[in-house]
There are 2 protein chains.
Amino acid sequence: MATGRTHRPATRSRGIPEATVARLPLYLRALTGLSERSVPTVSSEELAAAAGVNSAKLRKDFSYLGSYGTRGVGYDVEYLVYQISRELGLTQDWPIVMVGIGNLGAALANYGGFASRGFRVAALIDADPAMTGKSVAGMAVQHADDLEKIIDDNGVSIGVIATPAGAAQQVCDRLVAAGVTSILNFAPTVLSVPDGVDVRKVDLSIELQILAFHEQRKAGEGQDDTADEAGTETPAAAAKPARKGPDGDVPAVMQA
Amino acid sequence: MATGRTHRPATRSRGIPEATVARLPLYLRALTGLSERSVPTVSSEELAAAAGVNSAKLRKDFSYLGSYGTRGVGYDVEYLVYQISRELGLTQDWPIVMVGIGNLGAALANYGGFASRGFRVAALIDADPAMTGKSVAGMAVQHADDLEKIIDDNGVSIGVIATPAGAAQQVCDRLVAAGVTSILNFAPTVLSVPDGVDVRKVDLSIELQILAFHEQRKAGEGQDDTADEAGTETPAAAAKPARKGPDGDVPAVMQA
DNA sequence: ATGTCTTTGTGAACGCGTGCACAAAGATGG
DNA sequence: CCATCTTTGTGCACGCGTTCACAAAGACAT
């Protein structure tokens with residue numbers, strides 16, 4: 001019904017803004033580093049620098065969680081680690097399934113960053129019969145036919161999709177039907193899910209394209225002559241609105 | 001200039017909002033699909049549905065690029081593909097280097113999504129001498145000692161970091177010193193870069209943690225959460241401020 | 001106790017992004 | 001040529017997120 005929304009709908013997150021939630025893992029990582037070095041307390045200024053954010057923003061973020069600091073001193077590192085972990089739901093163990101064990105899926109399965117937090121890879125699933133039974137990251141790959149049973153048996157509510165784009169929506173539908181309510185999508189496709197299901201996507205090529213945009217802008221900033229058509233505010237007349245397609249040989253892109 | 005800012009500074013993107021730039025690749029992908037199916041024109045409504053966004057938002061996004069539509073008809077697919085490609089800088093070829101050819105790096109090297117757009121993997125670089133010369137994705141891995149020379153010879157301005165967290169900042173510094181001005185960072189660390197260098201990060205575990213937060217909220221929306229159930233790594237020490245003021249008043253932490 | 005000093009927590013202003021709703025523009029048919 | 005219909009392009013209002021700036025709160029010294 002709903003077109004794939006990578007955005008959360010209205011999600012009145014019980015007072016915690018979405019932007020703040022997205023930064024909590026960042027703070028948590030910085031705090032974990034301090035904790036390992038046995039640093040007892042940290043000021044908002046120091047922690048903000050470690051997390052790469054503004055200190056005022058950090059303090060406001062923490063204010064949504066409660067008053068966990070001590071004025072004149074700062075924040076207790078261990079205490080804050082626990083509070084953020086609890087808020088993020090990392091004090092419990094989250095079983096996840098990974099579907100699509102190709103290059104990327106296998107790399108993700110081997111990635112240690114999951115287990116270090118509260119996540120446990122419960123199963124690796126692939127549709128290719130040739131993959132079934134093969135060991136990846138010390139775990140036997142299971143066939144997609146058993147997807148529903150695997151999810152049910154393990155009480156999985158978070159799924160990771162690393163299949164080719166063509167298979168992603170179908171896999172997504174099956175995951176949702178089986179009870180998964182959060183999906184991390186690595187396939188370059190827009191997923192359609194019903195309300196109540198969260199989807200986050202990670203798209204490698206999109207990130208590169210965004211970088212390319214800024215890179216192009218940087219290349220032509222000192223002396224712009226390239227792509228100067230759309231440069232100024234001049235509405236319309238930017239190019240010729242010719243119906244035809246690629247007639248414009250406006251490239252003129254110099255590079256290197 | 002030292003503080004790592006993963007955010008673009010003020011980036012007065014010459015009129016094009018950052019949020020719009022981030023969606024252009026999405027539109028481009030949807031349009032490419034239509035193009036392959038030889039669809040001549042598309043309305044904002046249809047294209048928005050394919051890209052998973054609001055149609056008004058899409059129209060406003062396109063309005064920043066210029067007036068490329070025809071009222072009463074829609075947008076010419078081929079023409080729009082070209083315009084967006086040009087705006088994103090994809091009409092030229094971007095050589096990129098990938099540093100850190102471990103599990104993830106190798107998977108990224110094999111990922112076809114890069115080459116399909118205007119990106120070309122110019123070199124794979126790893127610090128491990130045992131990796132040097134090995135073939136990954138049909139390309140010989142080169143040693144990190146030659147990093148500067150490789151970047152210079154190939155005119156590389158975009159780098160991908162897929163090293164362990166501990167090596168990321170050092171690699172980043174060398175890339176920047178060698179002339180790289182855009183970095184895609186997969187290492188779970190905050191990178192410090194000078195002004196003028198763009199950094200985008202992709203952090204797998206952070207995405208999962210954000211999902212876990214929403215998942216926890218969903219699970220405990222009717223009833224309060226059962227965070228006490230797991231209590232995995234919850235040392236008593238963390239349950240209260242260590243410094244002092246236990247008598248003071250421990251802020252009402254327990255919302256349960 | 002009192003004063004000073006440090007740092008938090010937050011009220012308020014500002015800017016950006018989003019979505020509505022509609023007028024303008026062009027296609028299409030008579 | 002005029003009427004009607006479709007779809008774009010955008011003015012406007014609203015809400016979220018960011019940042020500033022400062023009062024409140026506690027630590028610490030005397």
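Protein chains get the first letters and strands the later ones, always in sequence-line order, with residue 1 at the start of each.
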According to the ring pair (Phe, Tyr, Trp, His ring centres under 6.0 Å) rule, which pairs have a member within [range], sequence neighbours left out?
{"range": "residues 22-41 of chain A", "answer": "A/Y27-A/F62"}
{"range": "residues 36-57 of chain B", "answer": "none"}
{"range": "residues 191-210 of chain A", "answer": "none"}

What pairs of nitrogen or oxygen atoms, one from the protein and one from nucleotides 5-8 of chain D, lie under 3.5 Å apart?
{"unit_1": "D/dT7", "atom_1": "O4'", "unit_2": "B/G72", "atom_2": "N", "d": "3.0"}
{"unit_1": "D/dT8", "atom_1": "OP1", "unit_2": "B/S44", "atom_2": "N", "d": "2.5"}
{"unit_1": "D/dT8", "atom_1": "OP2", "unit_2": "B/S44", "atom_2": "OG", "d": "2.6"}
{"unit_1": "D/dT8", "atom_1": "O2", "unit_2": "B/R71", "atom_2": "NH1", "d": "2.9"}

What pairs with [X] under side-chain hydrogen bond (donor to acceptor under 3.5 Å, both in side chains), at least two apart in sequence or on another chain?
{"X": "A/E46", "result": "A/S43"}
{"X": "B/S35", "result": "B/E78"}
{"X": "B/S182", "result": "A/E215"}
{"X": "A/E207", "result": "B/R200"}

What's the angle between the local helix axes at either end of the helix from C/dA1-D/dT30 to C/dG30-D/dC1, using five pairs per end and rounding to 10 degrees? 10°

Given atom CG of A/L58 and atom P of C/dG9, what is their separation to the nearest angstrom? 10 Å

To the nearest angstrom, how far is B/F62 atom CZ from D/dT10 atom P? 14 Å

Taking only nitrogen or oxygen atoms into account, show me every contact under 3.5 Å that the protein makes with nucleotides 12-14 of chain C, one pair per line with its distance.
{"unit_1": "C/dA12", "atom_1": "N6", "unit_2": "A/K60", "atom_2": "NZ", "d": "3.0"}

Sequence neighbours excluded, which residues qualify as salt bridge (Lys or Arg N to Asp or Glu O under 4.0 Å) partners of B/R29? A/D203

List in chain and number order the residues that pass salt bridge (Lys or Arg N to Asp or Glu O under 4.0 Å) with A/R23, two or more places apart in sequence or in another chain; answer none if no residue qualifies. A/D61

Measuring only between side-chain heavy atoms, which start at C-beta, is B/I96 closer than 4.5 Å to B/L184? no

